[in-house]
Amino acid sequence: MRYDLVIFDNDGVLVDSEPISNTILAGYLTELGHPTSYEDSLRDYMGAAVHRVHDLIGERTGQRLPDDFDETLHARVFAAFHQELEAVAGTADVLKQLVEDGVPYCVASSGSHERIRVGHRKTGLDRWFRDENVFSAEDVGRGKPAPDLFLHAAARMGAAPERCVVIEDSRLGVQAALAAGMDVYGFTAMTPEETLAGARGYFGDMRELLTLLGRGPAKIG
């Protein structure tokens, strides 16, 4: 395998959380007087840390979201996760193979550490991740599309950025990986290839990722 570190995004890549969280976010913003459709939420916020929601609402309306916005949003999302969340199909197979091949990997997510852990416990992915290979936008000053989170993860894992590959399903995540000087593969289960422009390759089934990582022929873009 040609990479020293595989960096996974979490939401939409490891856990199938984007439909859940964006439905809740769109509904909550609409409830607060900021009409937002599910499609709007995917376009504007998918792959971003929650501060982006505050930033965009402020820019567009000149209004501030309630002081308890983050707390209320997270409570609603976590409650739904406990009921509905599942791992992305094939994820455990990929992680198992990386372990068997001795390839280091980690998760670097725009979500909070609590969000990551809640999702991993619900889906059983916690067996594959420990504190030392879990990184959140909480750990750095700027979230995606800034490269800070991916650079932080690589430094903590002891890998040079040019020897890392990022697995992403959002436009902001791809931009962050490219800004960090890393290869990136776009997961298209929910996101069209054109939205992930700049990725080295694309795949729509998680089990195809091992091929992209050097275990056989790949669709390279």
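Nothing fancy with the numbering, it's 1 onward along the sequence.
Between the side chain of Arg163 and the main chain of Arg2, a donor-acceptor pair closer than 3.5 Å is present. Although no hydrogens or angles enter the test, the distance criterion places a donor-acceptor pair under 3.5 Å between the side chain of Asp205 and the main chain of Arg207. Panel note: side chain Thr188, backbone Tyr202; no donor-acceptor pair is recorded below 3.5 Å. At distances below 3.5 Å, not a single donor-acceptor pair connects side-chain atoms of Thr195 with backbone N or O atoms of Thr191. Between the side chain of Thr36 and the backbone N or O of Thr30 there is no donor-acceptor pair closer than 3.5 Å.
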Practice prompt. Dump the intermediate steps for salt bridge (Lys or Arg N to Asp or Glu O under 4.0 Å) on Arg121 and Asp126, then the final yes or no.
Written response: CA-CA 5 Å; Arg121 285 194 296 269; Asp126 53 337; over 6 Å; no
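Within the structure, no pair that satisfies the salt bridge (Lys or Arg N to Asp or Glu O under 4.0 Å) test touches residues 45-59, not counting sequence neighbours. Note on residues 16-28: pairs passing side chain to side chain donor-acceptor pair (under 3.5 Å), not counting sequence neighbours, are Asp11-Ser17, Glu18-Asn22, Ser21-Arg115, Asn22-Ser41. Every pair passing side chain to side chain donor-acceptor pair (under 3.5 Å) that includes a residue from residues 129-141 is listed here, sequence neighbours excluded: His113-Asp139, Arg117-Asp131. Counting only residues at least two apart or on different chains, the ring pair (Phe, Tyr, Trp, His ring centres under 6.0 Å) pairs with a member in residues 123-152 are Tyr105-Phe129, His120-Phe129, Phe135-His152.
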Throw together a table of side-chain donor-acceptor distances under 3.5 angstrom for residues 170-184, partners on residues two or more places apart or in other chains.
| from | atom 1 | to | atom 2 | distance (Å) |
| --- | --- | --- | --- | --- |
| Ser170 | OG | Glu168 | OE1 | 3.3 |
| Ser170 | OG | Gly173 | N | 3.0 |
| Asp183 | OD2 | Tyr3 | OH | 2.6 |

Under 3.5 Å, sequence neighbours excluded: what are the donor-acceptor pairs made by side chains of residues 76-89?
| from | atom 1 | to | atom 2 | distance (Å) |
| --- | --- | --- | --- | --- |
| Arg76 | NH1 | Glu31 | OE1 | 3.1 |
| Arg76 | NH2 | Glu31 | OE2 | 3.2 |

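Applying the salt bridge (Lys or Arg N to Asp or Glu O under 4.0 Å) test to Asp169 and every residue at least two apart in sequence or in another chain returns nothing. Here Arg127 pairs with nothing under the salt bridge (Lys or Arg N to Asp or Glu O under 4.0 Å) rule; sequence neighbours left out. In terms of the side-chain contact (heavy atoms from CB on, under 4.5 Å) criterion, Pro35 has no residue partners (sequence neighbours excluded). For Phe8, there are no ring-ring contact (aromatic ring centres under 6.0 Å, His included) partners two or more places apart in sequence or in a different chain. Under the rule for a salt bridge (Lys or Arg N to Asp or Glu O under 4.0 Å), the partners of Arg43 that lie at least two apart in sequence or sit in another chain are Asp40.
With 3.5 Å as the limit, one finds no donor-acceptor pair spanning the side chains of Gln97 and Asp93.
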